[in-house]
Chemist: 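Dropping a structure here in structure tokens format, bear with me for questions.
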There are 2 protein chains.
Amino acid sequence: METTRNAGSVNHRIREGLSRIATVMRNEDWNRAKAFGLNPTQLSILELLQGRQDGLTVKEIAANLGVSQPTATDSIAALERKELVTKTSDAADRRTVKVVIAQKGVAILEEDSTPGAAQNTVGALADQEQEELLVNLVKMIRHLQENDAIPIQRMCVSCRYFAPNVHSDAATPHHCHFVDAAFGQRELRIDCREHEIADPAFRAATWTAFEKG
Amino acid sequence: METTRNAGSVNHRIREGLSRIATVMRNEDWNRAKAFGLNPTQLSILELLQGRQDGLTVKEIAANLGVSQPTATDSIAALERKELVTKTSDAADRRTVKVVIAQKGVAILEEDSTPGAAQNTVGALADQEQEELLVNLVKMIRHLQENDAIPIQRMCVSCRYFAPNVHSDAATPHHCHFVDAAFGQRELRIDCREHEIADPAFRAATWTAFEKG
DNA sequence: TGATTAAATTAGGAGTCCTATATATATTTA
DNA sequence: TAAATATATATAGGACTCCTAATTTAATCA
């Protein structure tokens, strides 16, 4: 029950807040992309493809971008014209097309490293708050992916190399079996290139252990 | 210093996380908008105009949307064709145009009340976490607006009716002089229709008092 | 008053994004 | 196994976003 003015639920207000930040990010993405003669959609496809040797299908790209499949085809074609991605049809299923990032595309991503306003704004938060925020985002994204609202992301919490809360040191309670090192909440990945998806049972167990921490 | 894998800074990871949520919100906005024959940009202009009797200029709309002025002109024209907004030239400065939401536009906003996936996802967080998240967003947005990265938003923290941390009750420490009622962190507004901007000195003092809480 | 500054529009063009449909390949089933 | 169904992508067509550059009109400054 709200006590003042008609302003909906906390959920609604949080959404409004996220939306403001999203506007800034979009703007920023335009500037980042423009520097390479791209637009935000094209740049985000490139980012999505980064580190995925086998590439992704058109359908997968559409799902990750949250757009229709024909729209994905459009944007992939634009990237293909610019020679930033290559398309090869899959031998196993000749209906599907694997889109792989080209060398020129990788070069763009490596060159792009300007932190924008949105990223700087996170610096306005205290360390503790940043950690809170990151963890809250992880929780929300996990909820989305486990409910099939978005594809599985390359996050620690869905990775088979992730072992949460296994170290007694409060600063670095987690362990990554890929690099075999301890790490902390602040290092939780959202999009790790080394991510390997764990099966649902493993993910569920991992999540329980993670939340107990 | 990162301890595992090359994954940039916390800031970067938080941005990645926000970006995933933004994708879901965009998608959701498409569906919300589609139901009224609109697109997300048009719907967000309508939302922006909601409750602003005097309307906004083209320039202000562009700034709030984070797009160029010609783009704003485009979208406003689309809304005008659909008779959801009206344009009147300002008597005081005949160069400027005031865009006001029309009755038909108000009707659409009132009809639209479907909470989508992004909003539901916030429900995956505990009450305490929701509060943290909302406050963190307020902090970031305030930082953005005080650094002129975005226009002043209709948030409590920049409103002249807002008195932070004036009540001893931990659940409702703040006071809104507009409705003359106490309220809590969870009720903090992001886009309050009754917002009246406070001058910079007042805002600075308010912010200091708010952060001490 | 003339020059500058400012707000909005117009022009032109690339590309997003949608729905509906077509095409090709897989898979299922009768 | 042939026919029916399902799946992956591409095409077609259309509305609109979004940009930069250049105009138009109005306000302000010198």
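Throughout, protein chains are lettered first and strands after them, A, B, ... in sequence-line order, and every chain is numbered starting at 1.
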Chemist: With a 4.0 Å cutoff (strictly under), does any side-chain N or O of A:Thr71 reach OP1 or OP2 of C:dT16?
Modeler: no

Chemist: Which of the following nucleotides, D:dC18, C:dA7, D:dT17, is nearest to the side chain of B:Val67?
Modeler: D:dC18

Chemist: Kindly point out which of C:dG15, D:dA26, C:dT9 is positioned nearest to the side chain of B:Thr73?
Modeler: C:dT9

Chemist: Over all strands shown, is A:Lys82 touching base, sugar-phosphate only, or nothing at heavy-atom distances under 4.0 angstrom?
Modeler: sugar-phosphate

Chemist: Going by modelled atom types, is there a donor-acceptor pair between the base of D:dA10 and the side chain of A:Gln69 at under 3.5 Å?
Modeler: yes

Chemist: What integer distance in Å separates B:Lys34:NZ from D:dA15:P?
Modeler: 17 Å

Chemist: Less than 4.0 angstrom between a side-chain N/O of B:Arg81 and OP1 or OP2 of D:dC16, yes or no?
Modeler: yes

Chemist: Scan B:Ser68 against the nucleic acid and name what it touches under 4.0 Å (heavy atoms): base, sugar-phosphate only, or nothing.
Modeler: base

Chemist: Closest to the B:Arg26 side chain: D:dT9, D:dT17, C:dC17?
Modeler: C:dC17

Chemist: Counting only side-chain heavy atoms from C-beta out, which of D:dA27, C:dT9, C:dA26 sits nearest to B:Val58?
Modeler: C:dT9

Chemist: Which one, D:dT20, C:dC18, D:dC16, comes nearest to the side chain of B:Pro70?
Modeler: D:dT20

Chemist: Take the protein atom CG of A:Leu38 and the nucleotide atom C1' of D:dC18, then report the distance between them rounded to whole Å.
Modeler: 15 Å

Chemist: Less than 3.5 Å between a donor and an acceptor, one on the side chain of B:Asp74 and one on the base of D:dC16, is that the case here?
Modeler: no

Chemist: Looking at C:dT19, D:dC16, D:dC18, which one has an atom nearest to any side-chain atom of B:Asn39?
Modeler: D:dC16

Chemist: Measure from CG on A:Asp90 to P on C:dA24 and round the result to the nearest Å.
Modeler: 19 Å

Chemist: Which nucleotide in the set C:dT5, C:dA24, C:dC18 lies at the smallest distance from any side-chain heavy atom of A:Arg95?
Modeler: C:dA24

Chemist: When the distance from CD1 of A:Ile45 to P of C:dG15 is rounded to whole Å, what number comes out?
Modeler: 12 Å

Chemist: Aromatic ring centroids of B:Phe210 and B:His174 under 6.0 Å?
Modeler: yes

Chemist: Is any side-chain heavy atom of B:Leu109 closer than 4.5 Å to one of B:Ile101?
Modeler: yes

Chemist: Just wondering, more than 12 heavy atoms not from A:Lys59 lying within 6.0 Å of its NZ?
Modeler: no

Chemist: Starting at CG of A:Leu43 and ending at P of C:dG15, how long is that distance when rounded to a whole Å?
Modeler: 15 Å

Chemist: When you match A:Arg94 and A:Ala78 each to their closest nucleotide on DNA chain C, which lands nearer the 5' end?
Modeler: A:Ala78

Chemist: Tell me if the NZ atom of B:Lys98 is crowded by more than 12 foreign heavy atoms within 6.0 Å.
Modeler: yes

Chemist: Please report the distance, rounded to the nearest Å, between CG in A:Asp93 and C1' in C:dA24.
Modeler: 11 Å

Chemist: Under the criterion side chain to side chain donor-acceptor pair (under 3.5 Å), which of A:His195, A:Arg142, A:Arg203 is the partner of A:Ser158?
Modeler: A:His195

Chemist: What is the separation between atom CD1 on A:Ile76 and atom P on D:dT11, rounded to the nearest whole Å?
Modeler: 12 Å

Chemist: 5'-most contact on DNA chain C: B:Lys59 or A:Gly37, nearest heavy atom basis?
Modeler: B:Lys59

Chemist: Starting the side chain at C-beta, find the nucleotide from C:dA8, D:dC19, C:dC17 nearest to B:Thr96.
Modeler: C:dA8

Chemist: So, OP1 or OP2 of C:dG15: does either fall under 4.0 Å of a side-chain N or O from A:Thr41?
Modeler: no

Chemist: On DNA chain D, compare the nucleotides closest to B:Gln42 and A:Lys87; which residue's is nearer the 5' end?
Modeler: A:Lys87

Chemist: Going by distance alone, is a donor N or O of one side chain under 3.5 Å from an acceptor N or O of the other, for B:Thr71 and B:Ser68?
Modeler: yes

Chemist: Expressed as a whole number of angstroms, how long is the span from B:Leu79:CG to D:dC16:P?
Modeler: 10 Å

